[in-house]
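One structure below.
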Amino acid sequence: MKQTLEFLLQSALETLKKQGVIDPGIQPAIHIERTRDASHGDFATNLALSLAKPAKQNPRQLAERIVACLPVIPLVTRVEIAGPGFINFFIDPASQFEIVRHILDGGASFGLGTAGAGKRILVEFVSANPTGPLHVGHGRGAAYGSAVADLLEAVGFEVEREYYVNDAGRQMDILTTSIWLRYLEICGEVVPFPSNGYRGEYVRDIASNLHKIVGNDLRHPVELVLEDIPADEHHGGDKEKHIDALIDRAKTLLGSEQYELVFTAGVDEILTDIRDDLHEFGISYQHWFSERSLMDDSSIQQALQHLDQAGYLYQDGGATWFASSRLGDEKDRVVVRDNGQSTYFASDIAYHMNKLDRGFDRIIDIWGADHHGYIPRVKAAIQALGADDAKLDVLLVQFAVLYRGDEKVQMSTRSGEFVTLRQLRNEVGKDACRFFYVMRKSEQHMDFDLKLATAKTNENPVYYVQYAHARICSVFRQLDEKGRTRNIHLGMEGLALLTEDHESALLVTLSKYPEVLEKAAMQYEPHQLISYLRELAYQFHSYYNAHPFLVDDDTLCNARLNLIAAVRQVLANALQLLNIHHPEAM
RNA sequence: GCGCUUGUAGCUCAGACGGAUAGAGCAUCGGCCUUCUAAGCCGAGGGUCGCAGGUUCGAAUCCUGCCAAGCGUGCCA
């Protein structure tokens with residue numbers, strides 16, 4: 001419909017250019033919007049207003065000239081000029097009924113688009129460090145990321161979902177050491193636990209499982225473990241120095257093979273847990289990309305070599321620096337520390353080079369908003385590697401701030417005191433989780449009151465939408481119980497009888513679905529789809545209360561049944577897309 | 001200090017490449033179940049769009065300054 005109108009306007013512009021009314025060099029973007037108020041017709045454009053200045057003409061007069069040149073087609077019954085120069089289009093109401101047929105013919109594929117044109121797109125999301133179970137903050141990234149990926153797929157992109165596993169670096173060493181210390185406890189050693197270690201219960205579980213397999217093989221007397229270790233924070237020392245020394249001690253006492261054993265026990269168990277967790281949340285990845293693999297296959301060296309050849313690396317203070325400030329970053333960044341170890345950033349450069357090498361048309365990274373300062377340096381790296389940094393879109397997700405009633409819930413993976421995604425799912429259910437998480441714009445700060453979310457009250461908007469679907473199913477069950485049969489064909493013939501206000505409104509809303517889907521996908525904003533669902537559900541509930549469907553007039557009855565069947569189909573399609581159930585009964 | 005993000009109804013939030021009278025849910029108040037599920041519907045109240053300027057036919061939206069909140073500002077990841 002919009003395309004048709006755009007075509008008409010384009011054609012009018014051409015005519016005006018030929019007539020010399022408008023300078024042929026002017027190429028205005030044509031914006032067509034749905035009107036908010038029915039008195040303004042069905043669609044409107046501000047073309048005359050935006051064209052007024054470059055064409056040096058009065059907007060209303062210009063609008064009149066445009067309208068005069070518009071080709072006449074039966075679909076458009078009336079064109080009006082309103083306000084300062086809006087052009088309003090009135091569409092033949094008969095054409096609105098067609099949407100019901102489209103939807104019922106299209107079924108589960110109704111609404112799917114082609115805007116992605118088969119382009120390949122990589123969506124990396126969650127990518128939480130494998131140092132503990134996912135918490136509710138990760139949950140938002142998970143829900144948002146998978147919704148974005150699913151939306152993009154729905155509009156024709158070829159999507160790959162990826163989880164970047166940070167299985168290298170200091171945090172992993174802290175985890176490994178924490179496990180080992182808990183293991184020593186199980187062996188009977190009395191070990192003071194470092195304040196900077198991972199204190200979660202899951203660390204004990206991993207240690208316990210490890211002990212079952214290796215027995216006391218990894219045991220060392222605590223005196224030896226703690227010998228000459230600098231004091232921990234609560235003994236007046238530095239917690240970082242303390243834990244680093246413990247890590248070194250673990251590596252020395254265990255040797256690389258045994259240390260690796262503890263490390264693997266930890267990563268494997270935690271990753272398995274994360275994988276299961278996400279799977280139960282309805283998310284599955286095509287790739288789990290290991291940071292370690294970048295070290296093992298010398299990808300990092302290669303990436304750094306590229307940067308070096310491009311002239312972006314230099315030495316200073318024993319470290320190797322990437323001159324990212326030359327490419328828009330605030331300052332230069334270290335890629336190889338003076339101790340010879342490459343930084344996390346170096347891994348990320350190699351990782352993004354790998355992403356680019358895989359030939360995606362577009363790359364999406366979804367990060368926690370606390371990483372926003374990281375964007376310029378990654379973009380700089382992409383440029384330095386000779387690629388187009390516009391290929392990368394970094395989407396930020398604000399962590400949800402948890403409340404229990406009025407009390408803010410403090411969270412930290414290290415302290416082990418946090419609400420896990422699994423707990424949240426168990427308490428409020430997958431559907432409500434999903435719905436709540438993507439209901440809000442991703443970069444918006446979000447207050448998540450556990451008390452409210454875990455209270456299974458009717459305030460929950462997900463029920464409202466699901467209920468609309470269940471209600472429609474119920475109507476069809478009633479039809480059966482009354483011994484009547486549905487005649488789809490008769491209903492199609494009777495669509496013109498759907499002239500009530502509620503019906504017209506529903507027809508318009510239904511026809512918007514593909515547009516909404518496309519916009520939500522292209523703007524990476526699943527919350528737009530949620531808003532749409534709420535609107536559609538509202539219009540249905542309102543219709544339900546205003547008019548009976550199972551009326552005596554068979555034609556009208558079947559026309560209405562076709563309409564609500566179309567509503568049900570769109571509700572189901574959108575909910576399915578968001579990985580939320582569409583129950584037949586509630 | 002500097003940078004990024006945010007500030008819209010009592011609460012939680014939509015609306016932002018400038019567009020017509022700024023919307024929704026919750027909460028509050030008043031109605032609607034002998035009739036397809038009341039997890040619903042109908043109606044009412046509720047706003048200096050953080051503040052102050054500027055740009056123009058028109059600003060919640062763009063620009064400048066200020067105020068407030070969150071985050072960032074590591075040879076951590």
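Chain identifiers are assigned alphabetically (A, B, ...) following the order of the sequence lines, protein sequences preceding nucleic acid strands; residue numbering begins at 1 within each chain. Just so you know, these numbers come straight off a predicted model, no measurement behind them.
Inspection of the A/R568 and A/H582 side chains reveals no N or O donor paired with an N or O acceptor under 3.5 Å. A donor and an acceptor atom, one from each side chain of A/Y314 and A/D332, are located under 3.5 Å apart. With no hydrogens or angles considered, no side-chain donor-acceptor pair links A/T131 and A/Q171 at under 3.5 Å.
Donor-acceptor pairing under 3.5 Å, judged by distance alone, is absent between the side chain of A/H541 and the base of B/C41. Side-chain to base pairing of A/H371 with B/G72: no donor and acceptor N or O lie closer than 3.5 Å to each other. Under 3.5 Å, the side chain of A/N46 and the base of B/G19 form at least one donor-acceptor pair of N or O atoms. Between the base of B/A77 and the side chain of A/D370 there is no donor-acceptor pair shorter than 3.5 Å.
A/L49 places its CG atom 16 Å from the C1' atom of B/C17, with the value rounded to the nearest Å. Distance A/H40 NE2 to B/A20 P: 9 Å, rounded to the nearest Å. Put simply, NZ on A/K519 is 8 Å from P on B/C17, counting in whole angstrom units. A/E330 places its CD atom 12 Å from the P atom of B/C2, with the value rounded to the nearest Å. Atom-to-atom, CD of A/E291 to C1' of B/C76 comes out at 12 Å; the value is rounded to the nearest Å.
Base engagement by A/A470 is indicated by at least one non-hydrogen atom pair under 4.0 Å involving a base atom. Looking at heavy-atom distances under 4.0 Å, A/K331 makes contact with sugar-phosphate atoms alone, never a base. A/G85 comes within 4.0 angstrom of nothing in the nucleic acid, heavy atoms only. Within 4.0 Å of A/N88, counting heavy atoms only, lies at least one base atom of the nucleic acid.
Comparing A/Q398 and A/D332 against RNA chain B, the residue whose closest nucleotide sits nearer the 5' end is A/Q398. Both A/V334 and A/A369 lie close to RNA chain B; mapped to their nearest nucleotides by heavy-atom distance, the more 5′-ward contact belongs to A/A369.
Classification of A/E124 and A/K355 as a salt-bridged pair holds, one side-chain N sitting under 4.0 Å from a carboxylate O. Look at A/R560 and A/E503 and you find a salt bridge, because one of the NZ, NE, NH1 or NH2 atoms lies within 4.0 Å of a carboxylate O, short of that distance.
Two rings, from A/Y543 and A/F549, have their centers less than 6.0 Å apart.
Searching all strands for a Watson-Crick or G-U wobble partner of B/A27 with both distances below 3.5 Å returns nothing. Partner assigned to B/U48 is none, using Watson-Crick or G-U wobble distances below 3.5 angstrom. Look at B/C2: its Watson-Crick or wobble partner, with both distances under 3.5 angstrom, is B/G72. Using Watson-Crick or G-U wobble geometry with both donor-acceptor distances under 3.5 Å, B/U34 finds no partner in any strand shown. B/A20 makes up no base pair with any nucleotide shown, lacking Watson-Crick or G-U wobble contacts both under 3.5 Å. Under the Watson-Crick or G-U wobble criterion, with both distances below 3.5 Å, B/A60 is left unpaired in every strand shown.
To the nearest whole angstrom, the two C1' atoms, one in B/C41 and one in B/U5, are 40 Å apart. Nucleotides B/G1 and B/G46 are separated by 41 Å at their P atoms, to the nearest Å. Here, B/C11 and B/C4 have their P atoms 29 Å apart, quoted to the whole Å. Of the C1' atoms belonging to B/U21 and B/G47, the separation is 14 Å, rounded to the nearest Å. The separation of B/A20 from B/C66, taken at their P atoms, amounts to 31 Å, rounded to a whole angstrom. When the P atom is used for both B/A44 and B/G3, the distance is 48 Å, rounded to whole Å. With both ends at atom P, the span from B/A69 to B/U8 equals 14 Å, rounded to whole Å. Across B/U28 and B/G10, the matching P atoms stand 16 Å from one another, rounded to whole Å.
Screening A/L49, A/L51, A/L47 for a side chain to side chain contact (heavy atoms under 4.5 Å, CB included) involving A/L62 leaves a single residue, A/L51.
Put simply, the side chain of A/D273 never gets that close to the backbone of A/P133: no donor and acceptor are under 3.5 Å apart.
A/F86 qualifies as a stacking partner of the B/A20 base, centre to centre under 5.5 Å and near-parallel within 30°. Residue ring and base: A/H527 does not count as stacked with B/A14 (centre distance below 5.5 Å and interplanar angle below 30° not both satisfied).
Under the 30°/60° scheme for interplanar angles, the aromatic rings of A/Y532 and A/Y513 are found to be tilted.
A close approach under 4.0 Å does not occur between any side-chain nitrogen or oxygen of A/R560 and OP1 or OP2 of B/C36.
Checked against B/U6, B/C76, B/C36, the side chain of A/S474 finds its nearest nucleotide in B/C36.
In the region residues 340-348 of chain A, proximity to RNA chain B at under 4.0 angstrom, judged on heavy atoms, holds for A/Y344.
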